[in-house]
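Contents: one structure, followed by commentary.
Numbering of residues begins at 1 and proceeds along the displayed sequence. Only this structure's heavy atoms are used, side chains among them; waters, hydrogens and symmetry mates stay out.
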Amino acid sequence: MSNPRDSDVDLPGSSQDEIQKIKIMRALIEHENPSAKEVDDMTLRRFLRARDHDIPKASTMFLNYLTWRRSFIPRDGISKEDIRNKLAMNNIFLQGFDKLGRPIVVAIGARNIPVKNNDDVEELKKYIVYAMEKACSRTQKDDDKLVLIADLKGWRFSNLDMKGHHAVAPIVEQYYPERMGKVFIVHAPSIFSFAWKLVQPIVDQNTKKKIVFVESKKLKPTLIADIDESQLPDIYGGKLPLVPIQDS
């Protein structure tokens with residue numbers, strides 16, 4: 001939720017019609033939940049866009065988000081102790097920014113360990129929220145999106161976690177809408193095409209449009225087009241070492 005709103009709505013990339021809808025949406029949600037006064041206009045715009053500028057639907061979505069956030073995330077944030085097993089996978093990293101100033105998240109698919117029971121599922125939910133909160137805290141004032149590099153080198157079917165995906169996908173889509181600016185899928189093995197057919201139906205349509213499958217022989221040139229070499233992780237020919245999400 002970053003910073004409280006300014007008195008006047010001034011959002012780069014927003015039309016006057018969109019700005020007017022944000023004002024109406026704000027009046028509605030502040031009437032229902034006064035704590036919404038602390039939410040910035042960029043946040044409201046994301047929820048509005050996620051519901052195709054339908055003000056009642058966007059307002060309901062946002063109010064549900066506030067209720068969820070109050071119940072799911074402790075005042076001091078999710079502790080490392082609560083997600084120690086997931087952190088031990090060492091599969092999510094955060095460092096650098098793309099040329100638009102968006103934080104870069106790297107996820108190593110081959111290190112993923114599928115959930116085994118309900119306790120695992122709950123820890124995975126907390127882990128993903130922990131990672132999202134960390135990454136979103138680095139977004140810029142005029143662009144609150146993220147860039148994800150999903151690295152599937154060495155990925156096998158044993159890493160596929162449909163139960164886990166079904167558990168966390170709604171959290172990302174409902175409570176962190178319009179956060180993904182671009183997704184690079186790199187080093188995808190041939191067997192991933194089958195897994196993608198299973199996962200694709202539950203991937204948000206807007207997210208699908210932002211996914212780029214990168215050929216291994218064109219890896220660095222493709223990434224460099226969006227990410228300066230000084231900000232690119234060293235495993236892709238850049239200058240920055242990978243930094244585990246908990247150390248970022």
* To do: Show the numbers, then the answer: is there a ring-ring contact (aromatic ring centres under 6.0 Å, His included) between Y127 and Y130?
  => CA-CA 5 Å; Y127 180 45; Y130 174 88; 7.3 Å; no

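- No hydrogens or angles considered: a donor-acceptor pair under 3.5 Å links the side chains of S79 and D82.
- Taking the side chain as every heavy atom from C-beta outward, I78 and F72 approach each other to under 4.5 Å.
- Under the 4.5 Å side-chain criterion, counting only non-hydrogen atoms from C-beta, K80 is in contact with L87.
- Remark: side-chain polar atoms of S59 are paired, donor with acceptor, to backbone N or O of I55 under 3.5 angstrom.
- At least one donor-acceptor pair closer than 3.5 Å links the side chain of D120 to the backbone N or O of K116.
- With respect to the salt-bridge test (charged N to carboxylate O, under 4.0 angstrom), the residues D17 and K21 qualify.
- Residues I108 and F93 form a side-chain contact, since some pair of their non-hydrogen atoms from C-beta on lies under 4.5 Å apart.
- In this structure, the side chains of V115 and K125 stay at 4.5 Å or more apart for every pair of heavy atoms.
- Rounded to the nearest 0.5 Å, atoms CG (L94) and CD (Q246) are 11.0 Å apart.
- Residues forming a salt bridge (charged side-chain N to carboxylate O under 4.0 Å, His left out) with K209 (at least two apart in sequence, or on another chain): none.
- No side-chain heavy atom of I149 sits under 4.5 Å from any side-chain heavy atom of H187.
- Side-chain contact check for N64 and Y175: no donor-acceptor pair (N or O, by modelled atom type) lies under 3.5 Å.
- Classification of R179 and E173 as a salt-bridged pair fails, no side-chain N sitting under 4.0 Å from a carboxylate O.
- A salt bridge does not link E123 with R84: none of the charged nitrogens is closer than 4.0 Å to a carboxylate oxygen.
- By the salt bridge (charged side-chain N to carboxylate O under 4.0 Å, His left out) test, R111 pairs with no residue at all, sequence neighbours left out.
- In this structure, V147 and V105 have side chains that are not in contact, with every pair of non-hydrogen atoms separated by 4.5 Å or more.
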* **Pair E133-R69, salt bridge (charged side-chain N to carboxylate O under 4.0 Å, His left out): steps then yes or no** => CA-CA 11 Å; E133 290 292 308; R69 187 178 183 87; 2.8 Å; yes

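- A salt bridge is absent between K141 and D40; no separation between the charged side-chain nitrogens and carboxylate oxygens falls under 4.0 Å.
- D144 pairs in a salt bridge (Lys or Arg N to Asp or Glu O under 4.0 Å) with only one of the listed residues (R102, R49, R46), which is R46.
- A salt bridge links K182 with D226: at least one charged nitrogen is closer than 4.0 Å to a carboxylate oxygen.
- Ring planes of Y176 and W68: perpendicular class, angle over 60° (limits at 30 and 60°).
- Atoms OG and CG, on S35 and L66 in that order, are 5.0 Å from each other to the nearest 0.5 Å.
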